[in-house]
Amino acid sequence: VWIFGYGSLVWRPGFEFTSRKVGFIRGYSRRFWQGDTFHRGSERMLQHPITTLLFHFQACTWGVAYEVRGEQIAASLQYLNMREAVLGGYDTKLVKFHPQEKDAEEPILALVYIATPQNPSYLGPASEEDIAAQIIVSSGCAGHNIEYLLRLADFMRYFCPQAEDKHLFSIEEALISILPCLYYTEESLEET
């Protein structure tokens, strides 16, 4: 079984796997439109954006596919169903994964977790600046949401330099432009 990750799964799968491949799926674009009240947010926070996929015919989303075999299958699916479905509100789909490797022949069928607009935690569209402002104040049991955004942007930069993800990099740029203001404000408060 192959499992495709496009958010925190690219750097923190949390399950044992046999192999991994960087590549993409077609027909979806990554969006920070899903709310999270556990991993990167809390019940007291109203908006705590993490990624989901939006159907978009001409788009493609880069990430990592993990191959799980034998006993790894049941353990990984049990873990991911709790992490992504129960705690995250995601549904599962099968997609065609295209490995980055030049000698790859056919696409690989992979399982992916996607949050839909019918999900109660679905946040929907917002400006990149608003999403960045929400990310700055969001953290949960898996860490701060800033880490989530920056690690994902780093993954794209280092493993998929040829790929474009305007939404992701626009949010990163907005976040970086806000951070010095937050640092200055906190520093000013400490002085008074």
Mind checking whether Leu168 and Leu149 have side chains closer than 4.5 Å, heavy atoms only?
yes

Reported CD1-to-CD1 distance for the pair Ile171 and Ile131, which is rounded to 0.5 angstrom:
4.0 Å

Could you tell me if the side chain of Lys21 sits less than 4.5 Å from the side chain of Ile108, heavy atoms only?
yes

State, yes or no, whether a side-chain contact exists between Thr92 and Val112 at a heavy-atom distance under 4.5 Å.
no

Tell me whether the rings of Tyr28 and Phe55 are parallel (<30°), tilted (30 to 60°) or perpendicular (>60°).
perpendicular

Determine, step by step, whether Phe4 and Tyr6 satisfy the side-chain contact (heavy atoms from CB on, under 4.5 Å) criterion, reporting the C-alpha distance in whole Å, the side-chain angles of both residues, the deciding distance to 0.1 Å, and the verdict.
CA-CA 7 Å; Phe4 178 69; Tyr6 55 90; 3.9 Å; yes

Give a yes or no answer on whether the side chain of Glu16 reaches the backbone of Glu71 with a donor-acceptor pair at less than 3.5 Å.
no

For the backbone of His167 and the side chain of Ser170, can you confirm whether one donor and one acceptor N or O come within less than 3.5 Å of each other?
no

Do the side chains of Arg151 and Asp154 get close enough for a salt bridge, i.e. N-O under 4.0 angstrom?
no

Worked check of side-chain contact (heavy atoms from CB on, under 4.5 Å) between Gln34 and Ser121:
CA-CA 6 Å; Gln34 171 67 5; Ser121 296; 3.6 Å; yes

When you check the side-chain N and O atoms of Glu67 and Ser19, is any donor under 3.5 Å from an acceptor?
yes

Can you tell if the side chain of Phe17 reaches within under 4.5 Å of the side chain of Ser76, non-hydrogen atoms only?
no

Any chance you could measure Leu175, atom CG, to Ile146, atom CD1, to the nearest 0.5 Å?
5.0 Å

Val10 and Tyr66: which non-hydrogen atoms are nearest, and at how many Å?
O-OH, 3.4 Å

Begin with the C-alpha distance, continue with both residues' side-chain angles, and end with the deciding distance and a verdict on salt bridge (charged side-chain N to carboxylate O under 4.0 Å, His left out) for Glu173 and Lys166.
CA-CA 10 Å; Glu173 186 178 309; Lys166 185 178 177 203; over 6 Å; no

Counting only N and O atoms by type, is there a donor-acceptor contact under 3.5 Å from the side chain of Asn145 to the main-chain atoms of Pro49?
yes

Is it the case that over 12 heavy atoms from other parts of the model lie below 6.0 angstrom from the CZ atom of Arg69?
no

Roughly how far apart are Ile114 CD1 and Thr51 OG1, rounded to 0.5 Å?
11.0 Å

Verdict with supporting geometry, Tyr148 and Trp11, ring-ring contact (aromatic ring centres under 6.0 Å, His included):
CA-CA 10 Å; Tyr148 183 100; Trp11 74 85; 5.7 Å; yes

Indicate, with yes or no, if the rings of Tyr90 and Tyr113 have centres closer together than 6.0 Å.
no

Non-hydrogen side-chain atoms of Gln100 and Gln162 separated by less than 4.5 Å
yes

Using side-chain heavy atoms (C-beta onward) and a distance below 4.5 Å, is Trp62 in contact with Val22?
yes

Given side-chain hydrogen bond (donor to acceptor under 3.5 Å, both in side chains), test Thr52 with Tyr122 step by step and report yes or no.
CA-CA 9 Å; Thr52 188; Tyr122 192 78; over 6 Å; no

Rounded to the nearest 0.5 angstrom, the CG-CZ distance for Leu9 and Arg20 is 10.5 Å

How about Glu128 and Phe169: do any of their side-chain heavy atoms sit closer than 4.5 Å?
no

Show your reasoning for whether side-chain contact (heavy atoms from CB on, under 4.5 Å) applies to Ile3 and Val64.
CA-CA 8 Å; Ile3 299 163; Val64 176; over 6 Å; no

Side-chain (Asn81) to main-chain (Leu77) donor-acceptor, under 3.5 angstrom
yes

Once rounded to the nearest 0.5 Å, what's the spacing between atom OG1 of Thr116 and atom CG of Leu54?
11.0 Å

To check you understand the geometry: which heavy-atom pair defines the closest contact between Leu123 and Gly35, and what is its length?
CG-N, 3.6 Å

Please determine whether side-chain contact (heavy atoms from CB on, under 4.5 Å) holds for the pair Phe97 and Leu109, giving the CA-CA distance in whole Å, both sets of side-chain angles, and the decisive distance to 0.1 Å.
CA-CA 6 Å; Phe97 171 76; Leu109 273 182; over 6 Å; no

Between OG1 on residue Thr61 and CE on residue Met156, distance to nearest 0.5 Å
8.0 Å

Indicate yes or no: at least one non-hydrogen side-chain atom of Leu152 is less than 4.5 angstrom from one of Arg30.
yes

